[in-house]
Every structure is written in structure tokens, then in C-alpha cells.
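Structure record follows, encoded as C-alpha cells.
Every chain is numbered from 1 and lettered A, B, ... according to where its sequence line falls, protein lines coming before strand lines. Every heavy atom of this structure was used, including side-chain atoms; hydrogens, water molecules and symmetry mates were not.
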Amino acid sequence: MINITFPDGAVRQYERGTTALNIAKSISEGLARKVIAAGVNGQVWDLSRPINEDANLKLYTWNDAEGKTTFWHSSAHLMAEAVEGMFPGVKFWVGPPVENGFYYDMDLGDRKISEEDLTAIEKKMNELAKKNSQYIRKEMPKAAAVEYFTEKGDEYKLDLLQQLNDGEITFYTQGNFTDLCRGPHIPNTGLIKAIKLTNIAGAYWKGDEKNKQLTRLYGVTFPSQKELDEYLVLLEEARKRDHRKLGKELGIYTMDDDVGPGLALWLPNGTIIIEELERLAKETELAAGYKRVVTPHIAKESMYLTSGHLPYYQDSMYPPMELEGQKYYLKAMNCPHHHKIFAAEPKSYKDLPFRLAEYGTCYRYEQSGELFGLMRVRCLHMNDAHIYCTKEQFYEEFKAVNDMYIKYFKIFGIEKYVMRLSLHNPEKLGQKYVDEPELWKETEALVRDVLIRTNTPFVEVQDEAAFYGPKIDVQIWSTIGREFTLATNQVDFAQGRRFKLEFTNHDNKPETPLIIHRAPLGTHERFIGFLLEHYAGKFPVWLAPVQVKVLPISDKFLDYGKSVADKLKKSDIRAEVDDRNEKIGKKIRDTELMRVPYMLVVGEKEMNENKVAVRRQGKGDTGVKGVEEFLNEIKLEVEERRGE
RNA sequence: GCCGUUGUAGCUCAGUGGUAGAGCACUUCCUUGGUAAGGAAGAGGUCAAGGGUUCAAUUCCCUUUAACGGCUCCA
């Protein structure tokens with residue numbers, strides 16, 4: 001007998017060689033029907049795998065992340081079985097679960113899978129699922145595995161096998177499909193009740209753009225049709241709050257073929273949001289001791305050679321303009337310009353920390369396929385600043401920047417983000433990163449120290465640093481699930497020396513400052529794109545392009561409505577009057593759809609009493625108020641930059 | 001940049017080898033209506049651009065361009 005310990009600490013005895021499925025059955029039939037995979041001593045196992053020793057056991061269902069990934073990974077195998085049936089000779093690479101579903105990369109040779117084929121594959125998968133085939137695990141000696149795939153002529157699986165050691169190789173078979181796979185899998189295909197193949201895409205083999213492009217098939221499956229339906233509704237909801245859709249509907253920005261790809265034109269409504277954000281940044285930065293500067297949009301090649309940017313980023317800069325034998329580049333970053341401002345006048349340690357801020361306009365020639373609404377553009381306005389400080393000042397300065405982030409995130413109610421400590425990769429010193437192994441270690445430790453001492457939750461990732469130093473990126477997700485860096489806080493130990501930036505220290509000796517690059521509000525483009533989705537277009541009053549819409553019941557009250565709006569406008573409230581010849585219901589509907597926070601309905605009663613009937617967007621009629629009273633309330637709401 | 005899909009009115013989208021349609025928006029008129037769509041009439045399109053096949057191309061083919069779904073990339 002062996003002892004099985006459950007998550008609640010209970011211990012029960014079972015026959016040696018029992019399985020997680022048997023254990024589940026011993027608890028209840030209902031559980032046995034729902035269970036998908038098992039956690040055995042922290043590893044995810046097949047339910048049918050014999051347990052031969054004492055173990056900690058956790059049973060996973062669809063509601064657990066481990067359950068879902070197992071379910072989806074098994075679904076990828078099912079999809080592969082269907083594809084192999086329809087496209088004999090297809091070769092498979094890998095088929096992992098992802099955040100919402102799974103994919104499988106495959107080499108179809110000269111054949112192509114079309115959208116219509118997806119429906120046929122779905123149908124086939126449904127047929128195969130109904131056969132209720134078991135997923136059978138089999139341990140394989142490496143030689144036998146190599147022989148199997150050599151015979152099959154599958155160079156992809158042979159490539160995978162190369163990295164595996166004898167004794168850790170397993171095959172899984174369900175129905176007519178056998179795959180090299182470490183598992184685990186669900187017990188049988190019958191659990192997969194609802195299938196949706198979502199899209200076809202190209203993907204480079206091993207993620208390297210120099211390699212051949214494979215066909216990637218994405219899909220998602222569920223244990224019931226109901227869950228699939230709910231998922232599709234959720235997707236539809238997400239599409240509705242896509243910033244590209246809302247940006248158009250709310251008149252925030254537009255793109256034009258004659259202007260060029262990735263070059264957003266800010267419409268009046270979007271410009272109001274830009275100006276509110278800049279006002280916030282300006283207030284915050286002045287209070288934090290920053291000095292504001294303004295720099296040109298272009299600079300000579302020599303500056304980017306000095307900074308070191310050119311060799312790293314030439315391909316993603318707009319090509320240079322040549323004038324009188326000089327090359328000028330559109331700036332892709334503001335730092336070199338700021339460094340020149342630092343260098344313009346001699347500095348003493350008494351001038352440090354020296355903080356320069358600018359909403360800088362940058363141009364980056366992002367590859368055409370990378371452009372994405374406002375989130376990835378070619379002209380961007382960055383909430384940039386550079387802080388020049390001594391090593392001793394670094395902790396306080398870096399921490400202050402971090403605090404500024406948190407302050408901003410609170411204002412906007414941003415909660416779903418990940419702070420990512422992005423480190424260098426020692427193997428790429430001299431290529432992707434400046435070759436200063438010691439300085440890398442030192443500054444990485446400095447940054448990590450700030451995060452730890454401030455109890456900031458973060459994840460560490462290798463090979464994501466800037467070329468001049470480590471950084472903290474704030475990662476967020478667009479409504480359709482794509483990940484972006486919203487804000488960034490970077491250390492730079494390289495450019496100071498390259499630009500020969502110096503200050504005179506206490507001992508009257510020249511010393512190079514450390515530089516912090518920071519952009520807590522990212523760029524206007526990405527930040528507003530994010531906010532559109534974050535608020536689903538319902539901006540808080542202080543950011544709303546139109547804060548108040550006055551809706552006269554009929555033309556007879558138009559003059560009164562205008563007088564109310566004028567009064568609000570005199571107090572810097574963005575108010576408009578709906579003077580169209582429409583019924584009140586229509587005016588309300590249109591104003592609601594434009595997400596105007598406050599609607600003031602005015603008719604006979606209101607006019608006679610100098611009042612307004614206040615309607616809050618999304619909340620309906622909230623009663624009648626004096627004009628003064630409403631004005632005072634909304635002024636306060638704007639001033640405090642109140643959220644909900 | 002690569003693989004795939006798409007491009008028809010300001011917007012959302014039908015449609016066709018014989019030079020185009022709906023709803024909303026817009027203009028005018030009627031209506032003056034109290035909390036999510038009042039009615040009528042009208043105007044609006046080189047069917048992304050260029051080339052080819054054809055008696056005839058918005059429709060079929062090719063190229064370009066842009067957007068979209070991914071991959072790669074992101075100072």
C-alpha cells in the first residue's frame with residue numbers, strides 16, 4: 001500500500017500502482033467524470049499513469065489552469081490526427097496549449113489549408129472525439145524513437161529528439177495518431193465536446209525568421225458546447241472594446257493612406273485626451289523636480305553614432321535625408337538630444353540629480369506587419385525624461401520613478417499589469433548589448449534591489465534589456481490579448497560615457513553620471529489606445545472629450561440650453577448643446593453611444609427654475625439640480641481626476 | 001519583412017462577366033415631442049491603384065498598396 005496525501009493534508013492509503021483516476025473514483029463518481037489530469041508531487045500526470053510510491057496528489061479539473069492546458073494540449077493532438085487524415089504526409093513540429101486554446105505547427109509541403117478546410121477539420125475532429133479514443137502513454141528508448149521518425153521521414157521530430165535524453169522519451173497515441181510528446185494528456189478524446197478552429201497563420205520554425213515558415217493552426221476546445229458559446233460571446237465583447245473600433249466611433253484618431261501607415265492623425269476628441277495627459281504629466285513632473293525641454297525632430301548621423309543607437313537600430317529608423325554631404329535622421333528616441341542639453345553647461349554634483357522631461361515626438365520605421373492600431377505606430381509622442389544622477393542617488397531616483405508609476409496607475413485604475421525586470425543575455429554581449437559584463441551585473445542588482453526593497457511584485461526575464469542597460473517594463477494586454485509594454489523605467493550606464501557626460505564631484509574630479517530613462521505614461525499613442533480599451537470608451541470626466549451634453553427637450557428650450565452650456569464653458573467644462581431637431585429619446589441615445597459622462601436634459605420645468613435634469617452615462621436619470629450645484633460638483637470631479 | 005485573408009457610399013455591410021444596392025450618418029421639409037432610434041423627400045460611389053484576359057471587368061488573372069489574423073521585431 002502507498003500513502004496518498006491530498007491538498008487539505010488528508011492521507012489515504014491505496015494499492016501500489018493505482019492511478020489518479022481510480023483515486024478520484026474512490027472519492028466520488030462525479031469527481032471522476034470531471035477530473036482531467038493529476039498533480040503528482042508537483043508534476044502534472046496522466047490520470048491513467050500508475051502511481052507506485054507515496055505521493056502528494058492534486059486532482060485537476062477544467063477549472064484549474066493545469067486542467068485547461070492538459071485539455072488543450074490533448075486537443076492539439078486531436079487536431080493533428082484530423083489533419084493527418086486529410087493531408088497524408090504532413091509533418092508536425094510542436095502543438096502546445098496557449099492562453100486561450102492551442103496551436104499546432106505543421107509542414108504541409110506544397111499544400112495549403114484554407115478557411116474552408118478549417119470547417120472540415122473541425123468536423124473531422126468532432127467525429128474523432130466521439131470515438132472516445134484513449135490517449136495511451138508509452139515510454140520509448142531513444143534509438144527506437146529515432147528509428148520511428150526516420151522511417152516516417154519526419155525531420156522535425158528528429159530535431160526535437162536530438163535535445164532529449166534516453167529514458168525521458170515518451171510517445172502518446174490516440175486513435176490513428178502517434179506523437180512524440182512528454183504529455184500529460186486527458187484520459188480520452190470523448191471529453192472534448194466543443195471545438196472551434198480560430199485561425200491559420202504562418203510561423204517561423206523555431207521562431208527564427210531565417211527559418212522556413214510552417215503553417216500554424218489555432219483552435220480552442222471546451223468540455224461543453226455551452227462553454228464554447230460563452231467564450232464566443234466573450235470574444236465578441238472584447239472586439240467591441242477594441243481601441244481601433246472605439247477610436248473610430250468616438251472620433252479619437254484616424255489613419256490615412258496618403259499620410260502613411262502607422263502615422264496616426266489625432267482628431268479633436270483625441271487631442272483633448274492628449275492635452276489632459278500632458279497636463280497631468282507636467283504637474284507631476286514639475287512637482288518631482290523635473291525641468292522641461294524641447295528638442296528638434298531630427299539630428300545628424302554623428303549624434304546617433306556617438307549614442308550607439310545607429311548600429312543597433314538603423315533598420316528601424318526612417319532613412320536619412322542627405323543635405324550638403326550631411327546625413328540627418330528623424331529621431332527615433334529623445335535621449336541623445338537630452339544628453340546634449342546636459343552637456344551644454346558644465347555640471348557640478350550640486351546640480352544632480354538633473355532631470356529633463358519632454359513629450360518627445362519620435363519616428364520609428366516599424367516593419368509593416370508589426371503595425372497595430374495605436375499600439376504600434378511609426379510616429380509616437382513619448383512621455384520621456386532622463387535623470388542624470390550619481391550612483392549614491394540612484395536608489396532614491398529610481399524608486400521615485402517607480403512611485404510615480406504607481407501614482408499614475410492609481411489615477412487610471414490600472415490593476416492588470418506585470419512589472420518585468422528585463423535583464424541582458426551574457427551570450428549577446430557586444431552584439432545586442434554593450435560589452436560591459438561587470439556594469440551589467442552591478443546595475444541589474446541595483447534595479448532588483450529597488451523592486452525588492454519596495455515590495456514591488458515583479459518577474460525577471462533574460463535577454464529583454466535595452467542595449468545600454470537593464471530596465472523595468474510594465475506589461476499590459478490589449479483586449480484581443482496581445483502583450484505590450486505600456487511604460488518603462490531604464491538604467492543606462494553606457495551613453496553617459498559615450499557622450500563624455502561629466503559632472504565635477506565633491507573632490508573636484510570629473511565623474512560620469514548614471515542615467516535613468518523613464519516613460520511612465522509611455523507614448524500618447526499606446527497609452528490612449530490602452531485607455532480606450534481599459535475604459536471601454538467610457539473615460540472618466542476629466543479625460544472625456546465632451547464632458548457635458550445639454551439636451552433641450554425641444555427648440556423652445558434651445559436658448560436656455562445654450563445659456564447653461566455657456567456657463568459651464570466659462571468654468572472650463574467641455575460642454576456642448578445638442579441643437580438638432582430630434583426627439584429627446586434620440587438625443588439621449590446618441591449621446592449615450594458617444595459615452596458622454598453627463599447629459600443635462602432641459603425643458604420647461606428646468607428653464608423656469610434655472611435647473612437641469614442630470615443623467616449620468618450608463619446610469620440613467622439621477623434627478624434635477626440647480627445649475628450652480630451641478631457646476632460645482634463637476635468641477636470638483638474634474639479637479640480631483642476622479643475615476644468611477 | 002514573412003505566411004494567410006480582405007479592400008464596394010462618411011460608417012456597417014449586401015451584390016453582380018452587361019458600368020451598383022440596404023441601414024445608419026448627411027441635406028431639406030413636416031413634426032416641438034420629458035430620459036436609448038418620429039415621418040417624408042433628396043444628395044452621395046473612377047466598386048483601393050495599375051496592368052492583363054474578354055465584344056464587355058467592380059466581378060476572372062497578375063502586380064502594387066493598405067488594413068486585418070499570426071510569425072519575427074520593439075531603443
Starting from the 5' end of RNA chain B, give me the residue, A:P552 or A:I113, whose nearest nucleotide shows up first.
A:I113
Mapping A:D242 and A:R376 onto RNA chain B by nearest heavy atom, which one lands closer to the 5' end?
A:D242
Which nucleotide in the list [options] gets nearest to the side chain of [X]?
X	options	result
A:D257	B:A66, B:U35, B:C74	B:A66
A:A613	B:G69, B:G34, B:G33	B:G34
A:P261	B:A66, B:G34, B:G69	B:A66
A:N581	B:G38, B:U31, B:G69	B:U31
A:S554	B:G1, B:C74, B:U32	B:U32
A:Q213	B:C71, B:G69, B:G38	B:C71
A:E592	B:A36, B:G33, B:U72	B:A36
A:Q490	B:C74, B:A75, B:U72	B:A75
A:R364	B:U35, B:U32, B:A75	B:A75

Check step by step if ring-ring contact (aromatic ring centres under 6.0 Å, His included) holds for A:F372 and A:H243.
CA-CA 10 Å; A:F372 177 65; A:H243 76 276; 5.7 Å; yes
Under 4.0 angstrom, heavy atoms only, what part of the nucleic acid is [X] near: base, sugar-phosphate, or nothing?
X	result
A:F484	nothing
A:A201	base
A:I553	base
A:K432	sugar-phosphate
A:G620	nothing

Could you tell me whether the side chain of A:D555 has a donor or acceptor atom within less than 3.5 Å of a complementary atom in the base of B:U32?
yes
Answer yes or no: side-chain N or O of A:S316 and base N or O of B:A75 forming a donor-acceptor pair under 3.5 Å.
yes
In whole angstrom, give me the gap between the [atom1] atoms of [N] and [M].
N	M	atom1	answer
B:A57	B:G1	C1'	33 Å
B:A25	B:A37	P	12 Å
B:U6	B:C47	C1'	14 Å

Separation of [N] [atom2] from [X] [atom1] (nearest whole Å):
X	N	atom1	atom2	result
A:E606	B:G34	CD	C1'	8 Å
A:R595	B:A36	CZ	P	17 Å
A:L371	B:A67	CG	P	6 Å
A:E370	B:C71	CD	C1'	10 Å
A:E115	B:G70	CD	C1'	12 Å
A:L593	B:U35	CG	P	18 Å
A:R580	B:C30	CZ	C1'	18 Å
A:Y204	B:G70	OH	P	15 Å

Atom pair [atom1]/[atom2] of [X] and [Y] - distance to nearest 0.5 Å:
X	Y	atom1	atom2	answer
A:I387	A:N489	CD1	CG	7.5 Å
A:T485	A:E464	OG1	CD	8.0 Å
A:N334	A:L356	CG	CG	11.0 Å

Below 4.0 Å: OP1/OP2 of [N] and any side-chain N or O of [X]:
X	N	answer
A:K248	B:U12	yes
A:K586	B:A25	yes
A:S368	B:G1	yes
A:R482	B:G70	yes
A:K471	B:A75	yes
A:Y218	B:G4	no
A:R518	B:A75	no
A:R216	B:C3	no
A:K112	B:G4	yes

With no hydrogens and no angle check, is any side-chain donor or acceptor of A:D242 less than 3.5 Å from a backbone partner on A:R239?
no
Taking the side chain as every heavy atom from C-beta outward, state whether A:F398 and A:C389 have any pair of such atoms under 4.5 Å apart.
no
Test applied, side-chain hydrogen bond (donor to acceptor under 3.5 Å, both in side chains); reference residue, A:H381; option that passes from A:E525, A:E358, A:H524
A:E525
When you look at NZ of A:K206, are more than 12 heavy atoms from neighbouring residues, nucleotides or ligands closer to it than 6.0 Å?
yes
On the six-membered ring of A:F484, is A:R376 placed so that its NZ or CZ lies under 6.0 angstrom from the centre and within 45° of the ring axis?
no
Determine the sole option in A:F87, A:Y156, A:Y104, A:Y103 for which the ring pair (Phe, Tyr, Trp, His ring centres under 6.0 Å) test with A:F92 is passed.
A:Y104
Which dot-bracket string fits RNA chain B when only Watson-Crick or G-U wobble pairs with both atom distances under 3.5 Å count, crossing pairs get [ ], and | stands for a partner on a different strand?
(((((((..((((....[..)))).(((((.......))))).....(((((..]....))))))))))))....
